[in-house]
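Side chains included, hydrogens not; waters and symmetry mates left out as well; all remaining heavy atoms used. Bear in mind that the values here come from a model prediction, so they are computed numbers and not experimental data.
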Amino acid sequence: MKNKKNFEESVNELADLSKAIGHPARISVLLFLMENGPSTCQQIVDKLPYSQSTVSGHLQKLKEDNYIDLKLYKTSSIYSVKKETLLHLSQLVQKVFKLAPEKKQLSLF
């Protein structure tokens, strides 16, 4: 396996960010939080087909990799999506794969 220092910084960063969302359950958790707003672990467990320990583990990984924020409220932990991380991921994909943002094209027909 090649050493990470042989790659551009943006490639390494994209690889690291991609690992955190490399599991369908983590993507499901992010989608849930995007659609429902800040939520507790129990609220997520009540709506997704995963156990409390599974959701808790995925929330921890998403938090470690800066995809979600955690705020304490009374005896609960409230999780929310850090949209700036998702935007940064999108920008990295465009940069690494040299994708220009889509421009509206004029239709001749």
Side-chain angles (χ1 to χ4, degrees):
M1 181 155 46
K2 292 185 178 185
N3 193 323
K4 281 181 99 174
K5 65 183 172 186
N6 292 334
F7 298 102
E8 289 182 35
E9 182 179 340
S10 59
V11 171
N12 286 328
E13 191 174 2
L14 177 59
D16 289 341
L17 280 174
S18 296
K19 286 178 193 174
I21 58 169
H23 193 289
R26 289 190 204 120
I27 294 172
S28 296
V29 169
L30 285 172
L31 288 170
F32 176 88
L33 291 171
M34 290 290 292
E35 293 170 6
N36 296 282
S39 304
T40 64
C41 181
Q42 189 59 54
Q43 289 170 317
I44 298 167
V45 169
D46 290 345
K47 297 293 180 185
L48 296 180
Y50 309 115
S51 69
Q52 192 279 332
S53 61
T54 296
V55 170
S56 182
H58 288 308
L59 286 168
Q60 182 60 35
K61 177 66 176 161
L62 289 167
K63 183 178 172 298
E64 287 170 6
D65 290 323
N66 210 31
Y67 276 94
I68 59 174
D69 269 331
L70 166 68
K71 292 191 178 176
L72 301 176
Y73 179 74
K74 295 183 181 179
T75 60
S76 296
S77 298
I78 310 294
Y79 298 91
S80 60
V81 173
K82 293 182 81 171
K83 293 179 186 175
E84 59 272 11
T85 301
L86 292 175
L87 290 171
H88 184 61
L89 175 64
S90 176
Q91 291 166 348
L92 281 171
V93 167
Q94 289 180 15
K95 178 180 179 180
V96 169
F97 292 102
K98 297 173 178 50
L99 301 172
E102 280 192 33
K103 297 178 183 175
K104 290 194 173 195
Q105 295 183 358
L106 296 175
S107 175
L108 300 175
F109 302 100

Begin with the C-alpha distance, continue with both residues' side-chain angles, and end with the deciding distance and a verdict on side-chain contact (heavy atoms from CB on, under 4.5 Å) for Glu13 and Leu92. CA-CA 8 Å; Glu13 191 174 2; Leu92 281 171; 3.7 Å; yes
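Atom CD1 of Ile21 and atom OH of Tyr67 lie 4.0 Å apart (nearest 0.5 Å). Rounding to the nearest 0.5 angstrom, the gap separating the CE atom in Met34 from the NZ atom in Lys83 is 5.0 Å. Distance check: Gln52 CD to Ile44 CD1 gives 10.5 Å after rounding to the nearest 0.5 Å. One distance of note links CG of Leu48 with OG1 of Thr54; it measures 11.0 Å at 0.5 Å rounding. Atom CG in Leu89 sits 6.5 Å away from atom CG in Leu14 (nearest 0.5 Å). Taking CG of Asn12 as the start and CG of Leu17 as the end, the distance is 11.0 Å to the nearest 0.5 Å.
Under a hydrophobic clustering in which Ile, Leu, Val, Met, Phe, Trp and Tyr are joined whenever their side-chain heavy atoms come within less than 4.5 Å, directly or via other members, Ile78 and Val81 fall into different clusters. Placement of Leu70 and Ile68 within a single hydrophobic cluster is found when ILVMFWY residues are connected by side-chain heavy-atom separations under 4.5 Å, directly or transitively. Note on Leu33 and Leu87: separate hydrophobic clusters, where clusters join Ile, Leu, Val, Met, Phe, Trp and Tyr whose side-chain heavy atoms are under 4.5 Å apart, directly or indirectly.
When all heavy atoms are compared, the tightest approach of Gln43 to Phe32 is O-CZ, 3.7 Å. Taking all atoms of both residues into account, the shortest heavy-atom contact from Leu62 to Ala20 is CD2-O, 3.9 Å. Closest heavy-atom contact between Cys41 and Ser56: SG-N, 4.0 Å. The nearest pair of heavy atoms linking Ser28 to Tyr50 is OG-OH, 3.6 Å.
A donor-acceptor pair is defined here as one N or O able to donate and one able to accept, closer than 3.5 Å; such a pair exists between the side chain of Ser39 and the backbone of Gly37.
In this structure, Glu84 places its CD atom where more than 12 heavy-atom neighbours from other residues, nucleotides or ligands lie under 6.0 Å away. Within a 6.0 Å radius of NZ in Lys63, other residues, nucleotides and ligands contribute 12 heavy atoms or fewer. For Glu64, the CD atom counts as densely surrounded, since its 6.0 Å shell holds more than 12 non-hydrogen atoms of other residues, nucleotides or ligands.
Judged as a ring-ring contact (aromatic ring centres under 6.0 Å, His included), and not counting sequence neighbours, the contacts of His23 are His58.
Side-chain atoms of Asn66 and Lys82, non-hydrogen and from C-beta on, do get closer than 4.5 Å to each other. Put simply, the side chain of Thr40 does not reach to within 4.5 Å of the side chain of Ser77, judged on heavy atoms.
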